A.B. asks: 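Next up is a structure, given as C-alpha cells.
We count ligands from 1, going down the list as the structure has it; atoms in each ligand are counted the same way. All residue numbers in this chain count up from 1 along the given sequence. Just so it is clear, the model here is predicted, and its values are computed rather than measured.
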Amino acid sequence: MDQSEKDRLLKVVVCGDGASGKTSLCLRFAHETFDAAYHQTLGLDFFRARIILPGDVGVTLQVWDVGGQSIASSMINNYVSGADAVLIVYDITNKTSLEGAREWIESVKKIMKDSQVLPVLALVGNKSDLDDKRQVRVEAHNRFAEEEDLRPFYVSARTDGGSVSLLFKQIAAQVMKIPMPKAELDKEIVPMPAEATFTQDLPKRTPRVPGQNNTTVCSVM
Ligand code: G3D
Ligand code: MG
C-alpha cells in the first residue's frame, strides 16, 4: 500500500477575490513553481500534495482553488461544504481585495453555520514581496483577523515558497491538533508533487428572459 493511502485526507479550500494570488499560492505549494502569466480560474482547480507533520504523521492535502467569481455561484456551497480548512486570500497591494475577503468570510460562515465541526479559518495576505506597494496596513490585517476569528498569515507566492509551505503545514497541524515545535516551524518543507490537476467550468448561467424576474438565484444565504 502506498504511504499516502494511509494518510488522512484534508480538504483545504482557497478562496478570495480574483487576482489575489490563489492559483499562484496553490501552484507554489503543490508544484514548487510560480507561473508569471495570469490565467483566470473558471470554477475550480484541484491540487494535491502530501506533507509530513511532527511525529511523522503524513497527511494528504486536497487543495481546492476556487475561482474569484464563484462567490456569486450556487456552486460555492459544494466547494466549501466539508472543508477542514478555508484560506481567505487577499492581495496586500489592493485594499478592495480585503473588502472582498470580508464578503468571502461571511459567505463561508453562513454555509458552515450548521456544520458540527467548523473548519480552521485563515486570513492570508499575499504578495508580501510588494511591501512598498502595500495598501493594507499590518494593523488592519490583524484587526480583521481578530474580528472574524481567522488565523493571520502573510505569504509571497512569487518569491517565498517557504512562507507558503509553512502556511499549509501550520493549517494542517491545527486541523490535526498536532502542536508545531518551533524547530519544526523553522525547517524547510518539501511537498510531494501533485497527482492531478483538472478544471471544472462554472455552471452555465440561466439566459435572461424578457418580462421575467431575472435575478440570479444563489444558494449562498
Ligand atoms: P487568482 O488565482 O487569485 O486569480 P493568480 O490569482 O494566482 O492568478 O495571480 C494573479 C496575479 O498576481 C498574477 O500576475 C500573479 O503573477 C500575481 N501574483 C500572485 N501571487 C503573487 C505574489 O506573491 N507576489 C507578486 N508580486 N505577484 C503575485 P499578473 O501580472 O499575471 O496579473
Ligand atoms: Mg486563479
Side-chain angles (χ1 to χ4, degrees), residues 11-49 61-73 75-76 78-80 83 85-108 121-138 140-141 144-145 150-171 188-189 191 193-194 196-203 220:
K11 175 178 175 182
V12 180
V13 179
V14 180
C15 39
D17 277 2
S20 56
K22 301 175 297 296
T23 302
S24 304
L25 208 68
C26 296
L27 272 170
R28 169 62 76 191
F29 172 60
H31 300 288
E32 272 300 306
T33 55
F34 181 85
D35 180 358
Y38 175 61
H39 313 280
Q40 192 182 23
T41 308
L42 297 172
L44 184 67
D45 282 340
F46 288 104
F47 299 84
R48 209 174 154 100
L61 304 191
Q62 188 186 55
V63 182
W64 295 46
D65 174 17
V66 173
Q69 68 286 75
S70 304
I71 195 164
S73 149
M75 293 302 285
I76 188 68
N78 302 348
Y79 297 165
V80 171
V86 179
L87 313 185
I88 310 282
V89 183
Y90 77 95
D91 170 358
I92 65 159
T93 70
N94 176 0
K95 216 171 174 177
T96 315
S97 72
L98 187 71
E99 289 154 24
R102 200 175 283 279
E103 287 172 27
W104 277 97
I105 191 61
E106 280 167 13
S107 292
V108 168
L121 299 173
L123 178 69
V124 182
N126 186 36
K127 308 194 187 179
S128 62
D129 53 295
L130 301 177
D131 200 51
D132 52 330
K133 298 201 180 97
R134 174 188 282 277
Q135 284 186 0
V136 179
R137 294 160 68 100
V138 176
H141 171 95
F144 180 93
L150 307 167
R151 189 163 170 188
F153 290 91
Y154 279 118
V155 295
S156 167
R158 182 182 287 265
T159 58
D160 185 5
S163 66
V164 175
S165 299
L166 198 53
L167 159 71
F168 282 96
K169 190 171 186 183
Q170 286 187 263
I171 292 299
E188 206 192 335
I189 308 138
T197 302
F198 57 92
T199 305
Q200 176 189 314
D201 286 337
L202 272 176
V220 181

A.B. asks: What atoms of ligand 1 come closer than 4.0 angstrom to any heavy atom of D17?
C.D. replies: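 Going through ligand 1 atom by atom, the ones under 4.0 Å from D17 are 3 (O).
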A.B. asks: May I have the step-by-step check of side-chain contact (heavy atoms from CB on, under 4.5 Å) for F46 and D65, ending in yes or no?
C.D. replies: CA-CA 6 Å; F46 288 104; D65 174 17; over 6 Å; no
A.B. asks: Is there a heavy atom of L27 sitting under 4.0 angstrom from any atom of ligand 1?
C.D. replies: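 Heavy atoms of L27 never come under 4.0 Å of ligand 1.
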A.B. asks: N/O/S of S24 less than 2.8 Å from the Mg ion (ligand 2)?
C.D. replies: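 No, outside the cut-off.
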A.B. asks: Here's a test for you: under side chain to side chain contact (heavy atoms under 4.5 Å, CB included), which of I171, V14, L121 qualifies with V86?
C.D. replies: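 When side chain to side chain contact (heavy atoms under 4.5 Å, CB included) is applied between V86 and each of I171, V14, L121, only L121 qualifies.
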A.B. asks: Examine the proximity of ligand 1 to D91 and report which part, side chain or backbone, both or neither, has a heavy atom under 4.0 Å away.
C.D. replies: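 It is neither part, as no heavy atom is under 4.0 Å.
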A.B. asks: Could you pull out, from R28, K127, K22, the option with a heavy atom nearest to atom 18 (N) of ligand 1?
C.D. replies: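 Among R28, K127, K22, the closest heavy atom to atom 18 (N) of ligand 1 comes from K127.
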A.B. asks: Is ligand 1 under 4.0 Å from a heavy atom in the side chain of D129, in the backbone, in both, or in neither?
C.D. replies: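 The part of D129 near ligand 1 is the side chain, not the backbone.
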A.B. asks: Is there a polar contact between ligand 1 and L130, counting only N or O atoms under 3.5 Å apart?
C.D. replies: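 No - when backbone and side-chain N and O of L130 are compared with those of ligand 1, no distance drops under 3.5 Å.
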A.B. asks: Is there a nitrogen or oxygen of V155 sitting under 3.5 Å from a nitrogen or oxygen of ligand 1?
C.D. replies: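 V155 vs ligand 1: no N/O contact under 3.5 Å.
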A.B. asks: Any non-hydrogen side-chain atom of V124 less than 4.5 Å from a side-chain atom of Y90?
C.D. replies: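 No, every pair of side-chain atoms sits at 4.5 Å or beyond.
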A.B. asks: I want to know if ligand 1 touches L25 in the polar sense, i.e. an N/O pair below 3.5 angstrom.
C.D. replies: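 L25 vs ligand 1: no N/O contact under 3.5 Å.
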A.B. asks: Ignoring hydrogens and geometry, is there a side-chain-to-backbone donor-acceptor pair from K127 to K133 under 3.5 Å?
C.D. replies: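 Flag not set: sc K127 to bb K133 has no pair under 3.5 Å.
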A.B. asks: Suppose I only count heavy atoms of S24 and a 4.0 Å limit; which atoms of ligand 1 are within that range?
C.D. replies: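 Once the distances to S24 are compared, the set is 5 (P), 7 (O), 9 (O), 15 (C), 19 (C), 20 (N).
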A.B. asks: With R48 as the cation and F168 as the aromatic partner, state whether NZ or CZ is under 6.0 Å from the six-membered ring centre and within 45° of the axis.
C.D. replies: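 Not flagged: R48 not positioned over aromatic ring of F168.
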A.B. asks: Taking the side chain as C-beta and beyond, is there a heavy-atom pair between Y154 and V138 under 4.5 Å?
C.D. replies: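 Yes. Closest side-chain heavy atoms under 4.5 Å.
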A.B. asks: For the residue pair N126 / S20, report whether a side-chain donor-acceptor contact shorter than 3.5 Å exists.
C.D. replies: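 S20 vs N126: no donor-acceptor pair found between side chains.
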A.B. asks: Side chain or backbone, does D65 bring an N or O within less than 3.5 Å of an N or O on ligand 1?
C.D. replies: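 Checking ligand 1 against D65, no N or O pair falls under 3.5 Å apart.
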A.B. asks: Spell out, as yes or no, whether a donor-acceptor pair under 3.5 Å connects the side chain of K22 to the backbone of D17.
C.D. replies: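 Yes; at least one donor-acceptor contact below 3.5 Å.
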A.B. asks: State which residues pass side-chain hydrogen bond (donor to acceptor under 3.5 Å, both in side chains) with S97; sequence neighbours excluded, sorted by chain then number.
C.D. replies: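 side-chain hydrogen bond (donor to acceptor under 3.5 Å, both in side chains) list for S97, sorted by chain: empty.
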A.B. asks: Looking at A157, which atoms of ligand 1 are within less than 4.0 Å of one of its heavy atoms?
C.D. replies: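 So the answer, numbered in order with elements, is 20 (N), 22 (C), 23 (O).
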A.B. asks: Which ligand 1 atoms are under 4.0 Å away from a heavy-atom of G18?
C.D. replies: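 Those of ligand 1 that fall under 4.0 Å from G18 are 4 (O).
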